[in-house]
Asker: 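So that we are looking at the same thing, I have put the structure below in structure tokens.
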Amino acid sequence: MLSAFHHTLQPEPPGRQHNASCPAGARPPADRRVRLPVNLRSASPWAYRISYDPTRYPKYIPEAYCLCKGCLMGIFGEESLHFRSTPVFMPTVILRRTPACAGGRYVYTEDYITIPVGCTCVPEQEKETESVNSSLDKQEVKLLVGQNKPSSE
């Protein structure tokens, strides 16, 4: 299973404050002979790290992480901070080893986990826009408008 991801494995950046491995501005020319994997051609590129847990089956699970803070939206792949890269999660079933044994064998229980499988772009909301769009503020506006309507008595 890991061989399917070996070309995209990269160490996770030590801090999210800088994009050490974000390929911003590095879009290769459209050469049909060289085909990058989809995770590196995306507007929100990602790489994989391997999660290891000896008490889980499978023991190794590839997990995606975003390479950029923003999204590569320009014609030459420039990073735009008007969008943000965010992980896409998928629920999956694993088997978790319990301390119990039955007939000299480990006993496993079914467990559900959510793993990041890729990244996508979402618009970055500005502070003013965020407060106007919240449902609480909309309810408050409705109440204020309702109070200011002339009564029909």
Side-chain angles (χ1 to χ4, degrees), residues 1-140:
M1 174 173 105
L2 295 181
S3 65
F5 297 96
H6 71 85
H7 63 283
T8 59
L9 291 175
Q10 295 183 16
E12 183 175 13
R16 292 293 295 166
Q17 61 273 24
H18 68 293
N19 297 335
S21 48
C22 178
R27 294 277 182 185
D31 186 355
R32 301 261 186 234
R33 294 172 291 172
V34 178
R35 188 79 170 166
L36 290 173
V38 69
N39 62 303
L40 296 177
R41 286 184 283 137
S42 172
S44 179
W46 70 90
Y48 295 96
R49 64 174 167 256
I50 301 298
S51 166
Y52 172 75
D53 184 346
T55 65
R56 172 185 70 202
Y57 182 82
K59 290 181 182 181
Y60 298 96
I61 297 177
E63 294 180 344
Y65 65 93
C66 302
L67 294 176
C68 301
K69 182 178 179 182
C71 293
L72 307 182
M73 305 302 284
I75 190 165
F76 297 110
E78 300 91 2
E79 185 175 13
S80 169
L81 297 178
H82 294 291
F83 297 87
R84 97 184 125 83
S85 290
T86 188
V88 175
F89 293 93
M90 180 182 80
T92 189
V93 179
I94 60 157
L95 297 177
R96 181 84 54 200
R97 189 169 66 208
T98 66
C101 285
R105 296 180 184 246
Y106 291 118
V107 175
Y108 289 85
T109 58
E110 196 175 78
D111 194 10
Y112 293 87
I113 62 171
T114 303
I115 59 169
V117 294
C119 292
T120 191
C121 290
V122 295
E124 190 65 71
Q125 293 184 347
E126 295 180 23
K127 300 249 185 280
E128 305 93 40
T129 311
E130 193 173 300
S131 66
V132 170
N133 287 334
S134 77
S135 59
L136 281 176
D137 288 342
K138 287 180 181 177
Q139 289 174 355
E140 288 174 10

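The figures here come from the full heavy-atom set of this structure, side chains too, leaving out hydrogens, waters and symmetry mates.
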Asker: Between Pro23 and Pro45, is any pair of side-chain heavy atoms under 4.5 Å apart?
Answerer: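 The answer is yes, as the side chains (C-beta and beyond) meet within the 4.5 Å cut-off.
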Asker: Just do the side chain to side chain contact (heavy atoms under 4.5 Å, CB included) check on Ile61 and Ile50 with the steps written out, would you?
Answerer: CA-CA 6 Å; Ile61 297 177; Ile50 301 298; over 6 Å; no
Asker: Between Arg97 and Thr109, is a side chain to side chain donor-acceptor pair (under 3.5 Å) present by the stated rule, with each step listed?
Answerer: CA-CA 7 Å; Arg97 189 169 66 208; Thr109 58; over 6 Å; no
Asker: Do you know which two heavy atoms are closest between Pro62 and Tyr48, and how far apart they sit?
Answerer: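 The pair with the smallest heavy-atom distance is CB-CD2, 4.2 Å.
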Asker: How long is the straight-line distance from OH of Tyr106 back to SG of Cys101, given to the nearest 0.5 Å?
Answerer: 6.5 Å
Asker: Are Arg49 and Glu63 side-chain neighbours, meaning at least one heavy-atom pair lies under 4.5 Å?
Answerer: yes
Asker: Look only at the side chain of Glu124 and the backbone of Leu81, and say whether a donor-acceptor pair between them is shorter than 3.5 Å.
Answerer: no
Asker: Between Ser80 and Met73, what is the shortest heavy-atom contact and its length?
Answerer: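 Reported closest heavy-atom pair: CB-CG, 3.8 Å.
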Asker: Kindly give the heavy-atom pair with the smallest separation between Leu40 and Trp46, and that separation in Å.
Answerer: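 Taking Leu40 first and Trp46 second, the nearest heavy atoms are CD2-O, 4.0 Å.
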Asker: What closest approach, in Å, do Cys22 and Leu72 show between heavy atoms, and which atom pair accounts for it?
Answerer: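 Between these two residues, the closest heavy atoms are SG-CD2, 4.1 Å.
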Asker: If we count only N and O atoms by modelled type, under 3.5 Å, do the side chains of Ser44 and Arg84 hold a donor and an acceptor together?
Answerer: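 Distance-only check fails for Ser44 and Arg84.
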Asker: Side-chain contact, heavy-atom cut-off 4.5 Å: Val93 with Asp111?
Answerer: no
Asker: Indicate yes or no: at least one non-hydrogen side-chain atom of Arg35 is less than 4.5 angstrom from one of Arg41.
Answerer: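 They are in side-chain contact.
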Asker: What's the shortest heavy-atom distance between Pro54 and Lys59, and which atoms?
Answerer: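 Smallest heavy-atom distance, with atoms named: O-CE, 3.8 Å.
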Asker: Are Cys71 and His82 close enough that some pair of their side-chain heavy atoms sits under 4.5 Å apart?
Answerer: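 SC-SC contact between Cys71 and His82 ruled out.
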Asker: Kindly compute the distance separating CG (Leu67) from OG (Ser85), expressed to the nearest 0.5 Å.
Answerer: 8.5 Å
Asker: Whether the Glu110 and Tyr112 side chains hold a donor-acceptor pair (N or O, under 3.5 Å, no angle test) is what I'd like checked.
Answerer: yes
Asker: Can you name the nearest heavy-atom pair linking Arg96 to Ile94, along with the distance?
Answerer: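 Heavy-atom minimum between the residues: NH2-CD1, 3.3 Å.
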Asker: Give me the one residue out of Thr55, Leu95, Thr98 that meets side-chain contact (heavy atoms from CB on, under 4.5 Å) with Tyr108.
Answerer: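 Going through Thr55, Leu95, Thr98 one by one, the side-chain contact (heavy atoms from CB on, under 4.5 Å) with Tyr108 is satisfied by Leu95 alone.
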Asker: Are more than 12 heavy atoms from other residues, nucleotides or ligands located less than 6.0 Å from atom CZ of Phe89?
Answerer: yes
